[in-house]
Amino acid sequence: MAINWFPGHMHKARKEIKKVMPQMDLIIEVVDARLPFSSENPLVPALRGDTPVIKVLNKRDLADPAITEQWLGWLEKERGVRAITMTHNQRAEALDILRLAGEMTPDHDRQKRALRVMILGIPNVGKSTLINTMAGRPAAKTGNEPAVTRAQQAIKLPDNVLLYDTPGFLWPKLSPEACGYRLAISGAIRSAVIEFEDVALFEADYLLDAYPELAMARYGFEEKPRDGLALMDGIAAKRRFLGRGGVPDLHKVSEILLNEFRSGKLGRISLETPAMVEQEAREEAERQREKSDKA
């Protein structure tokens, strides 16, 4: 199942951001440390031009630390990009972003004009919480559901920084297909538009491939299940999530898998590595070439 979510307000946000981005001195893009590639908006490189970017890998405490280190180096290969990590509600770390912003704009005189900074991030990566932490006050609306911010606003920050908050927006086609699944697992896509069992099965297969010990320890398996469906069936049996006739209630199991990943109860898990996304990119390019040859 291909997963896409691009409601009207996201299209509007994209047009507004494209209009004002040339006026910005610096961009802060907030991504999810567990899926830095999938949660990085591919429209940003095309829109930013030469404007310097700080990539903030948020939710560091939920991600695999060894893989996060790989991502920091990978992201900084892009010209004009610095990558840092953050965890929830750490004001000192949030203010370090403003210090780094100064380092990356050495020719800007804040005595004459405010440093204009745009902050971007797809839904539910913690952008609004970061803004409030930097501001030291509730300047941006937050919530548990994605796409809480619906309109741009300018927020004054310390040291004559003017921060332009923008609505979180996705892109019209999530590609490769695995990106859509990872975003759905993380909570970046509204629950009403995803098939819980389908997304949870993707997660279960990935857990058994990349983090079998964590999955087995969390759900009480002595032997590794043969595949994701067997893991889900086993969870249903162990937790008594059974319907009539003892049929496993896979919807309940799906909710458990997704919620326990998002909350960190499963452990520190990253959903992708640089090597993985590079391989997926090669495979996607090959599919596109084959499609073009057949046309």
Side-chain angles (χ1 to χ4, degrees), residues 1-8 10-11 13-15 17-18 29 31-49 53 55 57 63-64 67 70-71 73-79 81 83 120 122-123 125 146 168-190 193-212 225-232 250 254 257-258 261 269-295:
M1 182 187 74
I3 297 174
N4 288 291
W5 184 45
F6 194 68
M10 290 188 183
H11 179 63
R14 178 184 173 190
K15 290 197 298 183
I17 289 168
K18 185 177 181 179
E29 185 179 15
V31 299
D32 190 322
R34 299 166 297 179
L35 53 156
F37 176 79
S38 293
S39 59
E40 177 187 60
N41 199 313
L43 297 175
V44 171
L47 293 175
R48 78 173 178 98
V53 176
K55 298 275 187 182
L57 278 66
D64 184 327
I67 293 177
Q70 295 177 29
W71 279 114
W74 193 85
L75 290 167
E76 289 197 345
K77 290 179 183 177
E78 187 178 350
R79 182 177 53 84
V81 172
L120 297 165
I122 68 166
V125 292
F169 68 101
L170 290 169
W171 41 104
K173 180 174 172 55
L174 300 176
S175 179
E177 193 172 287
C179 287
Y181 279 95
R182 293 179 194 128
L183 288 166
I185 292 168
S186 74
I189 298 175
R190 196 175 292 277
V193 302
I194 68 173
E195 293 288 343
F196 269 63
E197 291 89 340
D198 193 35
V199 173
L201 181 58
F202 183 96
E203 178 191 343
D205 282 329
Y206 177 77
L207 288 174
L208 289 180
D209 181 56
Y211 298 94
R226 66 181 180 278
D227 56 23
L229 185 57
L231 173 63
M232 294 176 71
L250 294 185
S254 299
L257 278 169
L258 293 173
F261 168 80
I269 292 171
S270 293
L271 291 178
E272 59 193 14
T273 67
M276 183 189 303
V277 300
E278 287 172 357
Q279 177 63 27
E280 289 174 352
R282 288 191 291 270
E283 291 172 356
E284 181 67 17
E286 181 61 29
R287 277 193 293 271
Q288 293 303 320
R289 278 194 295 272
E290 291 176 357
K291 190 176 179 180
S292 178
D293 291 343
K294 291 178 181 178

Requested in this report: Without swapping roles, check the side chain of Tyr206 against the backbone of Gly228 for a donor-acceptor pair under 3.5 Å.
Outcome: no
Query raised in the report: Got a second to check how far Asp293's CG is from Glu290's CD, nearest 0.5 Å?
Result: 7.5 Å
Report task. Taking the side chain as every heavy atom from C-beta outward, state whether Arg34 and Phe261 have any atom pair closer than 4.5 Å. Result -> yes
**Report entry** Heavy-atom donor-acceptor pair, Trp71 side chain to Phe37 backbone, under 3.5 Å
**Finding:** no
**Report entry** Rounded distance [0.5 Å steps], CG in Leu35 versus OG1 in Thr273
**Finding:** 12.5 Å
Report task. Indicate the ring-plane relationship of Phe202 and Tyr181, choosing parallel, tilted or perpendicular according to the 30° and 60° boundaries. Result -> parallel
**Report entry** salt bridge (charged side-chain N to carboxylate O under 4.0 Å, His left out) against Glu197, all qualifying residues, sequence neighbours excluded
**Finding:** none
Report task. For Leu57 and Ala83, work out which heavy atoms get closest and say how close. Result -> CD1-CB, 4.4 Å
Query raised in the report: How far does CG of Leu231 sit from CD of Glu203, to the nearest 0.5 angstrom?
Result: 9.0 Å
Report summary line: When every non-hydrogen atom of Ser254 is compared with those of Leu250, the smallest separation belongs to OG-O, 2.6 Å
Requested in this report: May I ask you to decide if Gln288's main-chain N or O and Ser292's side chain share a donor-acceptor pair within less than 3.5 Å?
Outcome: no
Query raised in the report: Can you check whether Leu257 reaches Leu207 side chain to side chain, under 4.5 Å on heavy atoms?
Result: yes
Query raised in the report: Considering only heavy atoms from C-beta outward, does the side chain of Val125 approach that of Val31 to under 4.5 Å?
Result: no
**Report entry** Side-chain donor/acceptor of Glu280 to backbone N/O of Ala178, under 3.5 Å
**Finding:** no
Report summary line: The reported gap from CG in Leu201 to CG in Asp227 (rounded to nearest 0.5 angstrom) is 8.0 Å
Query raised in the report: About how many Å separate CD1 of Ile122 and CG of Asp32, when rounded to the nearest 0.5 Å?
Result: 7.5 Å
Query raised in the report: Considering the options Asp64, Leu183, Ile185, which one meets the side-chain contact (heavy atoms from CB on, under 4.5 Å) requirement together with Leu271?
Result: Ile185
Query raised in the report: Just wondering, do Glu78 and Pro45 contact through their side chains at under 4.5 Å, heavy atoms?
Result: yes
Query raised in the report: Passes side chain to side chain contact (heavy atoms under 4.5 Å, CB included), Val199 versus Ile189? Steps please.
Result: CA-CA 11 Å; Val199 173; Ile189 298 175; over 6 Å; no
**Report entry** More than 12 heavy atoms of other groups within 6.0 Å of Arg79 CZ
**Finding:** no
Query raised in the report: At what distance, to the nearest 0.5 angstrom, does CE of Met276 lie from OG of Ser38?
Result: 9.5 Å
Report summary line: Minimal heavy-atom distance between Ala33 and Ser270, with the atoms involved, is O-OG, 4.2 Å
Query raised in the report: Does the side chain of Pro36 reach to within under 4.5 Å of the side chain of Glu272, using non-hydrogen atoms?
Result: yes
Requested in this report: Inspect the contact between Glu177 and Arg287 and indicate whether a charged nitrogen and a carboxylate oxygen are less than 4.0 angstrom apart.
Outcome: no
Query raised in the report: Under a 4.0 Å N-O cut-off, is there an ion pair linking Glu40 with Lys55?
Result: yes
Requested in this report: Taking Glu29 for its side chain and Leu120 for its backbone only, find out whether a donor-acceptor pair lies under 3.5 Å.
Outcome: no
